[in-house]
Amino acid sequence: MTNLMQESFIEVKPQPIEAADLLVAYLEQIGVEFVFGVPGGAIEPLYNAMARSARRGGLRPVVARHETGAAFMADGYTRESGKLGVCCSTAGPGATNLITGVACAYENEIPMLVITGQPSLHLLGRGAMQESAGIGGIDTVAMFRSCTRYSALISHPDQLERQLTNALLSAYQPTPGPVHLSIPADVQRSLMKNGPTYNLAHLLKPLSAVDDAAVRELQGLLAKAQRVVVLIGSGCGEAIDLIIELVERMGGVFVVTPDAKGFISPRHPSYLGVFGFAGHTSASEAMEDMGVDLILAVGTDIGEFNSNGWDESLLNNRLVHIDSCEEHLTRSPMACLHVRGRIRPVFERLLRTLRRDETKQISVGEMRRFRRISEDDPYKSASPGAPIKPQYLMRELGWRSSPDTRFLVDTGNSIAWAIHHLGMYDHQPSGGGWMRITMNFAPMGWAIGGAVGTALANRAVPTVCITGDGSLLMNGQEMSVALTEKLTVLFVILNDAALGMVKHGQRLAGAEQIGVELPAVDFKMMAESMGIPGHVIHTAEDFENLDLAAILRHPGPTVLDVRVDKEEVPPMGLRVKILGGME
Ligand SMILES: Cc1ncc(C[n+]2csc(CCOP(=O)(O)OP(=O)(O)O)c2C)c(N)n1
């Protein structure tokens with residue numbers, strides 16, 4: 001009794017925590033569940049903190065097989081969950097291995113926190129193993145500076161909270177992207193007096209700023225416009241319902257950029273397909289139609305792939321460019337109007353007026369004078385005996401997967417085939433955005449790690465990764481992470497024993513045919529060596545006989561080694577034209 005009484009009077013002092021625990025506490029504060037990476041000496045205190053966090057039901061590490069794969073996973077996780085993707089590595093080679101995945105996130109504007117280790121401060125400059133703080137050796141902070149929105153060394157534990165907050169604010173505004181903190185091991189281990197003092201969730205709330213004067217000007221243009229085409233970019237996700245309503249009220253049509261395929265149901269009567277790399281003629285025709293008074297380009301960076309190689313039909317004075325990102329607006333100097341602002345509030349304001357204007361209640365398709373989406377015949381040579389055609393595979397894979405399947409499509413022929421042919425569901429819910437690609441930076445293998453991160457972010461839906469044999473040989477080891485984590489991921493490998501996109505590009509450009517052959521690899525055997533079930537698909541019939549529904553429910557990865565027709569030419573003419581020096 002006396003003891004109990006005494007205990008109740010003992011003052012409970014807050015336990016000092018390490019700086020790494022404080023960092024983890026901040027990540028927990030904003031709902032981060034996983035940190036993707038590969039451990040090593042200089043980052044060990046962070047792994048210790050993650051072990052403590054995991055024990056109390058907080059976040060946990062996911063161990064990738066290569067650090068670039070970790071960054072791809074963080075990218076896939078961010079895109080699917082909307083939360084912050086976090087990746088980490090040790091100093092030196094771990095940090096340099098991360099760079100390709102981080103640069104890809106930078107070019108695709110994916111928010112991400114990158115944490116790398118350093119030897120302890122007192123060892124820097126003395127030739128410590130893997131030191132890379134720029135004191136006589138390589139400088140990883142400088143290396144990350146050109147592919148992140150913030151890159152700094154934390155040289156004192158008291159800097160941690162401020163630098164972390166600064167970095168995370170820069171990850172979201174003004175242009176989203178990765179940010180990098182390099183933290184020496186002794187700083188990670190330092191004892192801190194307090195737990196988190198900032199409320200990060202509050203600080204990181206998205207801005208809703210809108211340029212009202214520009215919106216009023218646009219309202220004036222829309223009131224006069226007879227025919228409107230809306231080019232929907234990947235930034236439209238949160239506003240897609242409002243954009244559809246505006247197009248319906250205006251009796252206009254929409255086309256999408258390659259990275260926005262899947263935002264609109266293909267059966268919507270006003271949808272005319274993909275404008276840009278590997279897109280549809282019907283979409284280009286809509287953009288080129290001189291009877292159109294206004295083109296609204298929304299949430300797109302107007303880069304090579306999603307402007308059809310900076311097509312003249314887009315870049316003229318019929319263009320209104322609407323975007324929250326000022327860097328995107330600088331790509332359309334000739335536009336008659338730039339509307340800066342978050343896309344959802346911009347469309348809320350536009351619709352407020354249109355909903356009042358009865359004359360704008362035009363029935364869907366009433367003003368449509370365009371033809372239906374043009375596609376090459378996807379059933380071309382679908383006979384069971386022939387090698388399976390990639391066009392057919394794309395169409396059937398899309399249609400036979402459940403409507404909520406997430407597709408991640410890799411650089412190579414896969415991206416060209418999928419942009420043009422991946423089957424879309426009639427009742428695809430708007431805003432789904434289920435086909436994800438990487439634009440601009442376009443590294444081989446992004447989809448492999450990306451699919452793992454996507455599936456970890458959302459176990460309720462199946463994930464399909466469409467990739468090539470070259471990309472698989474470069475990054476295929478990450479498939480084993482999907483096995484460890486028991487993730488439903490179908491890896492579809494377009495196996496043509498070649499770096500196919502380069503091979504066809506060389507042919508189309510009349511260049512030498514060189515450096516493109518790959519050895520014949522049996523990916524079913526490779527998968528099975530990792531403990532992953534695999535199937536070899538030679539013909540359309542083989543594909544039809546697969547129990548795809550069961551594969552997409554299986555709590556683990558599956559590999560399809562698809563021996564596609566190598567001679568089919570992917571729709572990549574635009575790329576060849578631009579590489580050939582088109583101005
Ligand atoms: C990391 C990286 N290296 C090189 C390239 C250049 N490249 C673009 S597509 C491609 C070929 C891809 O081959 P594969 O993965 O087999 O797909 P396929 O085109 O044959 O379907 C290459 C080498 C690249 N995009 N990324």
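Numbering of ligands and ligand atoms starts at 1, following listing order. These numbers come from the heavy atoms of this one structure, side chains and all, not from hydrogens, waters or symmetry mates.
- Those atoms of ligand 1 that come under 4.0 Å of a heavy atom in Asp469, given as number and element, are 16 (O).
- In summary, the atoms of ligand 1 found under 4.0 Å from a heavy atom of Gly470, numbered by their order in the structure, are 14 (P), 15 (O), 16 (O).
- Side-chain contact check for Asn108 and Thr438: at least one donor-acceptor pair (N or O, by modelled atom type) lies under 3.5 Å.
- In this structure, a donor-acceptor pair under 3.5 Å is present between the side chains of Glu568 and Gln391.
- The heavy-atom pair separating Pro178 from Val102 by the smallest distance is CG-O, 3.5 Å.
- Nearest protein heavy-atom neighbour of atom 17 (O) of ligand 1: Gly468 CA, 3.6 Å.
- Under the 4.0 Å criterion applied to side-chain N and carboxylate O atoms, Asp561 and Arg563 are assigned as salt-bridge partners.
- A donor-acceptor pair shorter than 3.5 Å can be found between the side chains of Asp301 and Asn440.
- Atom 10 (C) of ligand 1 has its closest protein heavy atom at Val502 CG2, 3.7 Å.
- One finds a salt bridge joining Glu80 and Arg436 here, because a Lys/Arg side-chain nitrogen approaches an Asp/Glu carboxylate oxygen to under 4.0 Å.
- Close contacts of ligand 1 with Asp496, meaning ligand atoms under 4.0 Å from a residue heavy atom, involve 20 (O).
- Scanning the protein heavy atoms around atom 3 (N) of ligand 1, the nearest turns out to be Met444 SD, 3.6 Å.
- Ligand-side atoms of ligand 1 in range of Ala498: 16 (O), 20 (O), range being under 4.0 angstrom from any heavy atom.
- Residue Thr411 has no nitrogen or oxygen atom sitting less than 3.5 Å from a nitrogen or oxygen atom of ligand 1, judged on distance alone.
- From the protein, the heavy atom lying nearest to atom 25 (N) of ligand 1 is Ala442 O, 3.0 Å.
- By the criterion of a heavy-atom distance under 4.0 Å, neither the backbone nor the side chain of Thr100 is placed next to ligand 1.
- For an aromatic pair to be called close, the ring centres must be under 6.0 Å apart, and His321 with His328 fails this.
- Counting the atoms of ligand 1 from 1 in the order shown, those under 4.0 Å from a heavy atom of Gly500 are 13 (O), 18 (P), 19 (O), 20 (O).
- Annotation: Met501 places an N or O atom under 3.5 Å from an N or O atom of ligand 1; distance criterion only.
- Between the side chains of Trp446 and Asp410, not a single donor N or O lies within less than 3.5 Å of an accepting N or O.
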